[in-house]
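Structure record follows, encoded as structure tokens.
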Amino acid sequence: TATKNGGEIYYQLSSDAGSTWQYWNGSSWTTAGAANYNTASVINTNISSFATSSASLLFKAFLESDGSQLVQLDAIEVSWGEDAGSGGGSGYQTSGLITSSAFDMVDVSPVQIISWSEDVASCSPACTVRLQLRTAPDNTGNPGTWTSWYGASGAGTYFTTASGTLVTTALNNNQWVQYRVQLDGDGADTPILLDVLVNYK
């Protein structure tokens with residue numbers, strides 16, 4: 001869902017953690033250059049043939065405006081099903097992992113609080129949403145070496161309080177931040193992540 005105001009949003013997809021990006025060229029998915037991308041309707045029509053043998057799917061969004069239009073991407077939803085022959089055919093996966101893009105905080109900034117909005121009403125307490133954060137120094141405009149993934153109790157743990165948790169100072173003094181989300185369900189219903197807010201100074 002998006003607010004376009006006469007502008008447009010275009011997309012590329014990746015199934016190899018962002019090493020290569022692809023777009024629909026009219027007959028097949030192929031490697032995308034900087035100017036190769038598709039609208040959401042083209043993606044939706046052809047995504048069923050997008051190869052995801054790595055069990056991961058990343059998207060890149062390009063927001064286009066003439067300078068007077070507010071173009072805003074509000075939410076992305078990706079749905080999938082299992083083939084009956086693979087033991088699925090109904091319900092939801094019982095777990096999934098989402099890793100965000102790396103976010104440039106512009107300067108060496110302390111990450112302070114992480115919070116998010118979730119909907120687990122249909123399957124609580126069997127469904128959970130858990131997050132982790134990591135940071136990296138700047139390396140000529142790209143992330144340098146990442147820290148470990150951190151949660152509320154240190155490396156390797158998770159943030160579990162959606163309303164907000166203070167972030168460890170071990171993640172301070174870096175310019176880049178990234179989060180990942182562990183979604184766990186009961187197979188009959190699914191947890192829903194609506195948004196993530198990382199507060200930094």
**Prompt:** About how many Å separate CD of Q22 and OG1 of T30, when rounded to the nearest 0.5 Å?
**Reply:** 7.0 Å
**Item:** Residues that F62 engages under side chain to side chain contact (heavy atoms under 4.5 Å, CB included), provided they are two or more places apart
**Value:** Y10, Q12, Y37, K60
**Prompt:** Which residue pairs pass the side chain to side chain donor-acceptor pair (under 3.5 Å) test when at least one of the two sits in residues 154-164, sequence neighbours left out?
**Reply:** none
**Message:** Can a donor-acceptor pair be found, under 3.5 Å and without considering hydrogens, that links the side chain of N5 to the backbone of G7?
**Reply:** no
**Asked** Hey, mind stepping through D184 and R130 against side-chain contact (heavy atoms from CB on, under 4.5 Å) and telling me if it holds?
**Response** CA-CA 8 Å; D184 295 304; R130 300 177 293 157; 3.1 Å; yes
**Message:** Starting from L57, can I reach L73 by hopping between I/L/V/M/F/W/Y residues whose side chains sit under 4.5 Å apart?
**Reply:** yes
**Prompt:** For Q112, which residues count as a side-chain hydrogen bond (donor to acceptor under 3.5 Å, both in side chains) partner, sequence neighbours excluded?
**Reply:** none
**Prompt:** Taking a hydrophobic cluster as the set of Ile, Leu, Val, Met, Phe, Trp and Tyr residues connected by side-chain heavy atoms closer than 4.5 Å, whether directly or through intermediates, do I114 and I192 fall within one such cluster?
**Reply:** no
**Request:** Locate the shortest heavy-atom distance separating S14 from S19; write the atom from each residue and the value.
**Result:** OG-N, 4.1 Å
**Item:** Test side chain to side chain contact (heavy atoms under 4.5 Å, CB included) applied to I43 - qualifying residues, sequence neighbours left out
**Value:** Y11, L13, W29, N38, I47
**Request:** Mind checking salt bridge (charged side-chain N to carboxylate O under 4.0 Å, His left out) for E8 and listing every partner two or more places apart, or none if nothing turns up?
**Result:** K4
**Request:** Applying ring-ring contact (aromatic ring centres under 6.0 Å, His included), name anything that partners Y179, two or more places apart in sequence or on another chain.
**Result:** none
**Prompt:** For D66, which residues count as a side chain to side chain contact (heavy atoms under 4.5 Å, CB included) partner, sequence neighbours excluded?
**Reply:** S68, Q69
**Item:** Where at least one partner belongs to residues 98-129, residue pairs that pass disulfide bond (SG atoms under 2.5 Å apart), sequence neighbours excluded
**Value:** C123-C127
**Fill in**
Correct closest heavy-atom pair for T31 and Y23 would be O-CE2, 3.7 Å
**Side-chain touch W116/L131, heavy atoms, less than 4.5 angstrom** = yes
**Message:** I need the minimum non-hydrogen distance between D119 and A121, along with the two atoms involved.
**Reply:** OD1-N, 3.2 Å
**Fill in**
Minimal heavy-atom distance between V111 and V167, with the atoms involved, is O-CB, 3.8 Å
**Request:** Would you mind listing every side chain to side chain donor-acceptor pair (under 3.5 Å) that reaches into residues 96-108, with sequence neighbours excluded?
**Result:** D104-Q175, D107-S109
**Request:** Establish, from distance only, whether the side-chain atoms of T39 and S41 form a donor-acceptor pair under 3.5 Å.
**Result:** yes
**Request:** Mind listing the closest non-hydrogen atom pair of I113 and L166 along with its distance?
**Result:** CG1-CD2, 3.9 Å
**Asked** Hey, quick one: are V181 and L58 part of the same hydrophobic cluster, counting side-chain heavy atoms closer than 4.5 Å, chains of contacts allowed?
**Response** no
**Message:** Suppose the criterion is side chain to side chain donor-acceptor pair (under 3.5 Å): which pairs have a residue in residues 134-156, not counting sequence neighbours?
**Reply:** R134-Q178, T135-N174, D138-W176
**Request:** Please report the closest heavy-atom contact between S65 and G67, naming both atoms and the distance.
**Result:** OG-N, 3.0 Å
**Asked** Same hydrophobic cluster for I76 and I9, using side-chain heavy-atom links shorter than 4.5 Å among ILVMFWY?
**Response** yes
**Request:** Could you pull out all residues at least two apart from F59 that satisfy ring-ring contact (aromatic ring centres under 6.0 Å, His included)?
**Result:** none
**Asked** Going from CG on L183 to CG on L193, what distance comes out if it is rounded to the nearest 0.5 angstrom?
**Response** 6.5 Å
**Message:** If the test is side-chain contact (heavy atoms from CB on, under 4.5 Å), which one of T128, V120, D186 qualifies with P191?
**Reply:** V120
**Asked** Does S27 have any side-chain hydrogen bond (donor to acceptor under 3.5 Å, both in side chains) partners at least two apart in sequence or in another chain, and if so, which?
**Response** N25
